[in-house]
Student: 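Dropping a structure here in structure tokens format, bear with me for questions.
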Amino acid sequence: MNQQNTQYVLGSYDVIVVGAGHAGCEAALASARMGHSTLLLAMNLDSVAMMPCNPSIGGTGKGHLVREIDALGGQMGLNIDKTMIQMRMLNRAKGPAVHSLRAQADKHLYHTEMKCTLESTDNLDLFQGEAASLLVEEGCVTGVEMTSHACYLGKTVILCTGTYLHGRVFIGDSSCSSGPNGLAPSVSLADNLRALGLPMRRFKTGTPARVLGSSLDHDKMEPQHGDEVITPFSFMNEHLDVDQIDCWLTYTNEETHRIIRENFDRSALFGGQIEGIGPRYCPSIEDKVHRFSDRKRHQLFVEPEGKSTDEVYLQGMSTSMPIDVQLAFYKTIPGLEHMRMVRSGYAIEYDCIDPLDLKPSLENKTIQHLFCAGQFNGSSGYEEAAAQGLMAGINAALLVEGKDPFVLDRSEAYIGVLIDDLVVKGTNEPYRIMTSRAEYRLMLRQDNADARLTEKGYRLGLVTEERYQRYLQKQMQVEEETHRLQTTYVAPSAAEAFLRSIGTSPIKSKTSLAELLKRPEVTYENLAAIDPDRPPISRHAALQTAVQIKYAGYISKQIAQINKFKRLEDKKIPDSIDYMVIEGLRNEAKQKLDRIRPLSVGQASRISGVSPADINVLLIYLERERRRG
């Protein structure tokens, strides 16, 4: 649409963010904190940072993203620390690479706190209104027109539309045009994006019922307590003192499954009404019963939604079954026999973009100065959305400044893995981050997110001076404590009783504290029994010191792998390259490379359909061109 078709201009901004979910909030805060005039548009201000699905932040892989967002100067970690009602560190029995923090949120307070942060941020305007179309001139976005026919002009625009575009909700054989949680869908903008030629697709997600906690019998469930010592998400919080609320665990049974099976024909999922592709790693309960027919039960977590409401969320029981069927099968579950449902489960379909149409900076390849983030990019989850929003906000601000984009690679952050997977590999279903997706996860731990990313966030202008100085102090503590442990020795007689008490073998000669710490039975905490001169250091520093010493050998091997990876990432591919003329490349490889336009040989090697032989041909071609030039 051309600007001449609009009726009036309400304002002009460096960055316009469309959508105020988790992606939109981080995008707007990033660009505003970097000093750029920013407008954040929300269809409904009551939906800012809304949690339409599970009332939690973090989890396996996702907790890493939150720590990285925090290290770069984002808001999600700070916000959940303020509003959590329970905190647990998952996977404690496994190695530190997969330790993942997860918090239950007071979902209403989470929204309120984030909205207050937005309202008090300099350079940021928050406005309720629906974007109807993008203003585009000569292939470059220039602003947004609203359904009111007003328009805002912008040097850049970031689309963070979540599940609103042509949203359609399904409950049994009934459906209606709707956004999440009964909010209005966005229809005009969805039509406009297709008209502009963006490659759109249809995805689906879902949510379970909400029931009243007072109607449940907790004696029939297993309590899930929070950690005794709370580990905060944000580096800025050393300790949190919160009265935590229990969650509960219960299970489906064969009667539950019988009712679901007998009503498969009434499910929107199996009835053919749903076109969109759903998330493989978060299937509905009817999909679980269908796909895993040999399973006698499936677990169900009962999660309170906050301190000011009696509503609880039934995690693991997402469904699009009719309401009468939902009532019937929920009541077969121990503890839910007399449950009172206040919101039914539903499935929701929505439009999103093919992420292969995006650059690693999250700028669109079709329309210049247009950035995309969150579920609009084909991902799922609040954390994945927030991470992309932060990066899109940073890169929109850098584009306004005329600077190169800020891109994290797969060896630097889970954020890099997430975005690289989306824009290089693409996705045929809602994408979810997992620790198994990261090749270098021992280096991408939660405990060292600040060490990996704080310096970068500080250079961008997102990390405050207070945070940066605290980070430098922590790094100094880690270095000094590591050196002290490596150079402090104990005699066999001094360590004998301690080593016997923890069930590990004695030492025969003087041994450094660092060497003792490498033993599985020895922890930094219990080592204090033979380390009377230990200096006081922060919890953050103590954890990182212990992990670095315990896993030093494995870390060295991973660093070597990363150096090899970097060599391919550093081999840049010219923008002007014509893959179609490269002899020896298979046709499929030519088409894929031409479609995705990778920035480096490393990226090219991760494209589906591009073989190692194709990469060798490409390397030879690039070297020949370099010598000619």
Side-chain angles (χ1 to χ4, degrees), residues 136 138-141 156-159 193 196-201 352-373 376-379 388 391-392 394-396 398-399 402-412 415-428 431 565-626 628-629:
V136 178
E138 298 180 355
C140 183
V141 71
T156 61
V157 173
I158 307 174
L159 293 179
L193 296 179
L196 287 169
L198 297 185
M200 306 295 287
R201 49 176 58 184
C352 56
I353 196 171
D354 183 345
L356 293 179
D357 200 48
L358 304 176
K359 302 176 184 178
S361 64
L362 297 181
E363 185 182 7
N364 190 267
K365 294 177 181 177
T366 304
I367 301 175
Q368 296 178 48
H369 294 200
L370 175 65
F371 291 81
C372 307
F376 179 64
N377 288 354
S379 64
Q388 293 172 70
M391 296 299 285
I394 290 170
N395 282 317
L398 291 174
L399 181 62
K403 296 179 180 177
D404 291 337
F406 175 66
V407 176
L408 294 168
D409 69 39
R410 302 180 72 88
S411 70
E412 293 176 303
I415 294 175
V417 174
L418 162 67
I419 294 176
D420 187 72
D421 278 351
L422 288 171
V423 306
V424 175
K425 299 179 181 179
T427 184
N428 293 318
Y431 176 97
F565 159 81
K566 290 282 192 183
R567 286 196 288 272
L568 283 180
E569 295 300 303
D570 290 341
K571 289 186 181 296
K572 301 303 179 184
I573 300 175
D575 291 339
S576 59
I577 189 170
D578 184 355
Y579 293 103
M580 298 302 172
V581 303
I582 301 178
E583 295 182 4
L585 276 183
R586 295 173 306 113
N587 286 335
E588 181 185 7
K590 289 180 178 180
Q591 292 166 6
K592 292 286 184 68
L593 290 166
D594 190 59
R595 164 78 172 87
I596 297 171
R597 310 295 299 179
L599 300 181
S600 68
V601 174
Q603 283 186 358
S605 70
R606 295 189 291 276
I607 296 173
S608 174
V610 177
S611 70
D614 294 319
I615 294 301
N616 285 333
V617 170
L618 179 60
L619 285 169
I620 292 169
Y621 175 82
L622 291 173
E623 177 61 19
R624 188 167 62 241
E625 291 299 301
R626 184 188 69 80
R628 284 179 182 172

Student: On a heavy-atom basis, which atom in Pro360 and which in Val423 lie closest, and how many Å separate them?
Tutor: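 Scanning both residues, the minimum pair turns out to be CA-CG2, 4.1 Å.
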
Student: Applying the side chain to side chain contact (heavy atoms under 4.5 Å, CB included) criterion to Phe371, which one of Ile394, Leu399, Leu358 satisfies it?
Tutor: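 Exactly one candidate clears the test, Leu399.
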
Student: What is the distance from atom NZ of Lys365 to atom SG of Cys372, rounded to the nearest 0.5 Å?
Tutor: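 So the NZ of Lys365 and the SG of Cys372 are separated by 12.0 Å.
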
Student: Would you name the heavy atoms of Pro355 and Gly426 that are closest together and state the gap between them?
Tutor: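 In this case the closest contact between Pro355 and Gly426 is CG-CA, 4.3 Å.
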
Student: Tell me if the CG atom of Asp575 is crowded by more than 12 foreign heavy atoms within 6.0 Å.
Tutor: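 For Asp575, atom CG is not crowded (no more than 12 foreign heavy atoms under 6.0 Å).
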
Student: Measure the spacing between CG of Asn364 and CD1 of Ile158 and express it to the nearest 0.5 Å.
Tutor: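 These two atoms lie 12.5 Å from each other.
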
Student: Would you check if there is a donor-acceptor pair between the side chains of Ser411 and Asp409 at a distance under 3.5 Å?
Tutor: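 Yes, Ser411 and Asp409 have a side-chain donor paired with an acceptor closer than 3.5 Å.
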
Student: Any chance you could lay out the salt bridge (Lys or Arg N to Asp or Glu O under 4.0 Å) test for Asp421 and Arg606, step after step, and finish with the verdict?
Tutor: CA-CA 9 Å; Asp421 278 351; Arg606 295 189 291 276; over 6 Å; no

Student: Are Arg628 and Glu625 ion-paired here, with the side-chain N under 4.0 Å from a carboxylate O?
Tutor: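 Salt bridge present between Arg628 and Glu625.
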
Student: Distance from Thr366 atom OG1 to Leu198 atom CG, nearest 0.5 Å?
Tutor: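 One gets 5.5 Å once the value is rounded to the nearest 0.5 Å.
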
Student: Measure the shortest side-chain to side-chain distance between Leu593 and Pro598 over non-hydrogen atoms and say whether it is less than 4.5 angstrom.
Tutor: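 Heavy-atom side-chain distance check passes, below 4.5 Å.
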
Student: Taking atom CG as the centre, does Asn428 end up with more than 12 heavy-atom neighbours from other residues, nucleotides or ligands that are less than 6.0 angstrom away?
Tutor: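 Incorrect, the count does not exceed 12.
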
Student: Would Ile577 and Leu618 count as a side chain to side chain contact (heavy atoms under 4.5 Å, CB included) here? Give the steps.
Tutor: CA-CA 11 Å; Ile577 189 170; Leu618 179 60; 4.1 Å; yes

Student: Taking only residues two or more places apart in sequence, or in another chain, which ones meet Glu623 in a salt bridge (charged side-chain N to carboxylate O under 4.0 Å, His left out)?
Tutor: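 Per chain and number, Glu623 pairs via salt bridge (charged side-chain N to carboxylate O under 4.0 Å, His left out) with Arg626, Arg627.
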
Student: Are Lys425 and Ser608 packed together at the side-chain level, in the sense that at least one heavy-atom pair is separated by less than 4.5 angstrom?
Tutor: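 No. Closest side-chain heavy atoms not under 4.5 Å.
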
Student: Any side-chain heavy atom of Asp404 within less than 4.5 Å of one from Leu398?
Tutor: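 In short, these two side chains do not touch, never coming nearer than 4.5 Å.
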
Student: Ignoring hydrogens, what is the shortest heavy-atom contact between Val417 and Tyr431? Give both atom names and the distance.
Tutor: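 Minimum heavy-atom contact is O-OH, 4.2 Å.
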
Student: Using a 4.5 Å cut-off on heavy atoms from C-beta on, say whether the side chain of Leu362 contacts that of Leu422.
Tutor: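 Leu422 does not reach Leu362 side chain to side chain.
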
Student: If you compare all heavy atoms of Pro199 against all heavy atoms of Asp357, which two are closest, and at what distance to 0.1 Å?
Tutor: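 That would be CD-OD2, 3.4 Å.
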
Student: Please report the interatomic distance CD1(Ile607) to NZ(Lys592), rounded to the nearest 0.5 Å.
Tutor: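 Nearest 0.5 Å value for the CD1-NZ distance: 8.5 Å.
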
Student: Rounded to the nearest 0.5 Å, how far does CD1 of Ile367 lie from CD of Glu138?
Tutor: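 Rounded to the nearest 0.5 Å, the CD-CD1 separation comes out at 13.5 Å.
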
Student: If you measure from the Lys or Arg side-chain nitrogens to the Asp or Glu carboxylate oxygens, is any gap between Asp614 and Lys590 under 4.0 Å?
Tutor: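 Salt bridge: no.
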
Student: Less than 4.5 Å apart, any side-chain heavy atom of Met391 and any of Leu408?
Tutor: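 SC-SC contact between Met391 and Leu408 confirmed.
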
Student: A side-chain contact here means heavy atoms from C-beta on lying under 4.5 Å apart; do Thr156 and Val141 qualify?
Tutor: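 SC-SC contact between Thr156 and Val141 ruled out.
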
Student: Answer whether the closest heavy-atom distance between the side chains of Leu622 and Lys572 falls below 4.5 Å.
Tutor: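 No; the side chains remain at least 4.5 Å from each other.
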
Student: For residues Ile596 and Lys359, determine if any side-chain heavy atom of one lies less than 4.5 Å from a side-chain heavy atom of the other.
Tutor: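 Of all side-chain heavy-atom pairs linking Lys359 with Ile596, none is under 4.5 Å.
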
Student: Dump the intermediate steps for salt bridge (Lys or Arg N to Asp or Glu O under 4.0 Å) on Asp570 and Lys566, then the final yes or no.
Tutor: CA-CA 6 Å; Asp570 290 341; Lys566 290 282 192 183; over 6 Å; no

Student: Quick one: CD on Gln368 to CD on Glu363, what's the gap to the nearest 0.5 Å?
Tutor: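 Answer for the CD-CD pair, Gln368 versus Glu363, is 7.0 Å.
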
Student: Short question: side chain of Asp420, backbone of Arg410 - any donor-acceptor pair under 3.5 Å?
Tutor: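 No: the side chain of Asp420 does not pair with the backbone of Arg410.
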
